[in-house]
Amino acid sequence: MRRKLAAGNWKMNGTAAALSELEELARSFPNPSIDVLICPPATLLYRAAETVRGTDITVGGQNCHAAISGAHTGDISADMLVDAGANAVILGHSERREDHGEQNEDVRAKARVAMDAGLKAIVCVGESLEQREAANTLDIIGGQLSGSIPDQSTGENLIVAYEPIWAIGTGKVPTLDEIGEVHDFIRTRLERRFGEGVGRSVRLLYGGSVKPSNASDIFAVSNVDGALVGGASLKAQDFSGIIDALQKA
Ligand code: PEP
């Protein structure tokens, strides 16, 4: 049985004032029946961890370096995320792949150090609009999966997020059939590579313009174990609607 997960990605949004949203969330869901994770900017990570202390909500990072430590000005290691209170890290988000030229092998190296540090790696995959229109979606996702996911992956340390790039922050969402097709494909690929036991235990999140109004429909799709949410995770009220929908799914 895979435990459902609602994960929020605050991206480069939020200063200390934003912690009040997390306080409200923690007040509303001290013991959710699903996993709830918030990934704030690194500057807020420690305070976010303190804010949710004593509840079942957890916090995570949005990136880490592939090296354990060293001369990498401005970067953050997996151990530093753990030290600040994280239990997970988002890796290979399309904005990192686009803004920082991250390739599949970079994501895989980061996932390896993250897992070694005890973090859950949320590895993001997703196609562009051009790739979808050219009917290349499954090829692209297949390549990202085999290139970005390390061999040491298990149902405990790996979560895969399917995030079509054209759906992120746009209000556009694939059809439920399109989401189901990709999630079933990811599940099959994981089972083939890691065996049925591990392949079936990895949680698969959908990400891209998830809102309280469309969450229930998306959560009813096969092999959707939760969501990675950007914009709608910034306000406790919006994210609460998504958590509610997932708790009922
Ligand atoms: C994201 O960037 O991970 C994301 C899913 O963003 P949004 O929910 O705003 O589309």
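Heads up: numbering here begins at 1 and tracks the sequence.
In this structure, OG on Ser222 lies 11.0 Å from CG on Leu176, to the nearest 0.5 angstrom. Distance check, rounded to the nearest 0.5 Å: CD1 of Ile34 to CZ of Phe29 gives 7.5 Å. We find the CG-CG distance between Asn223 and Leu205 to be 12.0 Å, quoted to the nearest 0.5 Å. Here CD of Gln131 is found 7.0 Å from CG of Asn136. Values are rounded to the nearest 0.5 Å. With rounding to the nearest 0.5 angstrom, the CG atom of Leu91 is 5.0 Å from the SG atom of Cys64. Atoms CD and CD1, on Glu95 and Ile165 in that order, are 9.5 Å from each other to the nearest 0.5 Å.
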Query raised in the report: Does the pair Asn63 and His93 meet the rule for a side chain to side chain contact (heavy atoms under 4.5 Å, CB included), with working shown?
Result: CA-CA 9 Å; Asn63 177 45; His93 191 284; over 6 Å; no
**Report entry** Derivation and outcome, side chain to side chain contact (heavy atoms under 4.5 Å, CB included), residues Ile179 and Ile218
**Finding:** CA-CA 8 Å; Ile179 295 174; Ile218 292 171; 4.2 Å; yes
Query raised in the report: Taking it one step at a time, do Glu24 and Lys235 satisfy salt bridge (Lys or Arg N to Asp or Glu O under 4.0 Å)?
Result: CA-CA 9 Å; Glu24 189 180 329; Lys235 291 276 167 241; over 6 Å; no
Query raised in the report: Which is it for Glu102 and Arg97 under the salt bridge (Lys or Arg N to Asp or Glu O under 4.0 Å) test, yes or no, and what are the steps along the way?
Result: CA-CA 4 Å; Glu102 286 186 10; Arg97 291 180 189 258; over 6 Å; no
Requested in this report: For the pair Ser240 and Leu25, evaluate side chain to side chain contact (heavy atoms under 4.5 Å, CB included) and give the outcome as yes or no after the intermediate values.
Outcome: CA-CA 7 Å; Ser240 297; Leu25 205 62; 3.7 Å; yes
**Report entry** Residue pair Thr55, Asn31: steps toward the side chain to side chain contact (heavy atoms under 4.5 Å, CB included) verdict
**Finding:** CA-CA 6 Å; Thr55 76; Asn31 308 108; 6.0 Å; no
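Taking 4.0 Å as the cut-off between side-chain N and carboxylate O, Glu50 and Arg53 count as a salt-bridged pair. Using a 4.0 Å cut-off between a side-chain N of Lys or Arg and a carboxylate O of Asp or Glu, Asp151 and Arg193 qualify as a salt bridge.
A distance-only check finds a donor-acceptor pair linking the side chain of Arg187 to the backbone of Gly199 [under 3.5 Å]. Between the side chain of Asp217 and the backbone N or O of Asn214, no donor-acceptor pair lies under 3.5 Å. Within the 3.5 Å criterion, the main-chain N or O of Ser33 finds a donor-acceptor partner in the side chain of Gln247. Checked by atom type and distance alone, the side chain of His65 never pairs as donor or acceptor with a backbone atom of Ile76 at under 3.5 Å. Between the Glu178 side chain and the Thr175 main chain, a donor and an acceptor come within less than 3.5 Å of each other. A distance-only check finds a donor-acceptor pair linking the side chain of Glu21 to the backbone of Ala236 [under 3.5 Å]. Side-chain atoms of Ser148 do not come within 3.5 Å of backbone N or O of Leu145 as any donor-acceptor pair. A donor-acceptor pair under 3.5 Å is formed between the side chain of Arg108 and the backbone N or O of Ser146. Arg203 contributes a side-chain N or O that, together with a main-chain N or O of Arg3, makes up a donor-acceptor pair within less than 3.5 Å.
Counting heavy atoms from C-beta on, the side chains of Val89 and Ile122 never come closer than 4.5 Å. With a 4.5 Å cut-off on side-chain heavy atoms, Tyr206 and Leu228 do not count as touching. Contact check for Asp56 versus Val36: no side-chain heavy atoms found under the 4.5 Å cut-off. Proximity of Asn9 to Val229: side-chain heavy atoms (C-beta onward) are nowhere separated by under 4.5 Å. You'll find the side chain of Leu37 reaches within 4.5 Å of the side chain of Asn87, heavy atoms only. With contacts defined as side-chain heavy-atom distances shorter than 4.5 Å, the pair Met115/Ser153 qualifies. Side-chain contact check for Arg96 versus Lys110: some heavy-atom pair is nearer than 4.5 Å. At a threshold of 4.5 Å between non-hydrogen side-chain atoms, the residues Ile68 and Asp79 count as touching.
Side-chain atoms of Gln62 and Trp10 form no donor-acceptor pair, as typed in the model, at a separation below 3.5 Å. Counting only N and O atoms by type, the side chains of Asp116 and Gln152 include a donor and acceptor under 3.5 Å apart. Using modelled atom types and a 3.5 Å distance limit, the side chains of Tyr162 and Gln144 yield no donor-acceptor pair. With 3.5 Å as the limit, one finds no donor-acceptor pair spanning the side chains of Thr51 and Glu23.
Nearest heavy atoms, Leu22 versus Ala48: CD2-CB, 3.6 Å. The minimum heavy-atom distance between Leu246 and Ala6, with the atom names listed, is CD2-N, 3.7 Å. Minimum interatomic distance between Ala215 and Val210 (heavy atoms only, all atoms of both residues): CB-CG1, 4.2 Å. Heavy-atom minimum distance, Glu163 versus Cys124: OE1-SG, 4.1 Å. The two residues Ala49 and Gly85 have their closest heavy-atom pair at CB-CA, 4.0 Å.
When the options Ser209, Ser94, Pro174 are evaluated for a side chain to side chain contact (heavy atoms under 4.5 Å, CB included) with Trp166, the one that passes is Pro174. Shown are Leu190, Ile159, Asp225; of these, the side chain to side chain contact (heavy atoms under 4.5 Å, CB included) with Val202 is made only by Leu190.
Residue Leu129 qualifies as enclosed at atom CG: its count of foreign heavy atoms under 6.0 Å is above 12. Residue Gln237 qualifies as open at atom CD: its count of foreign heavy atoms under 6.0 Å is 12 or below. The environment of Phe185 atom CZ is dense: over 12 non-hydrogen atoms of other residues, nucleotides or ligands sit within 6.0 angstrom.
There is no path of hydrophobic side-chain contacts, each under 4.5 Å, that joins Leu5 to Val182.
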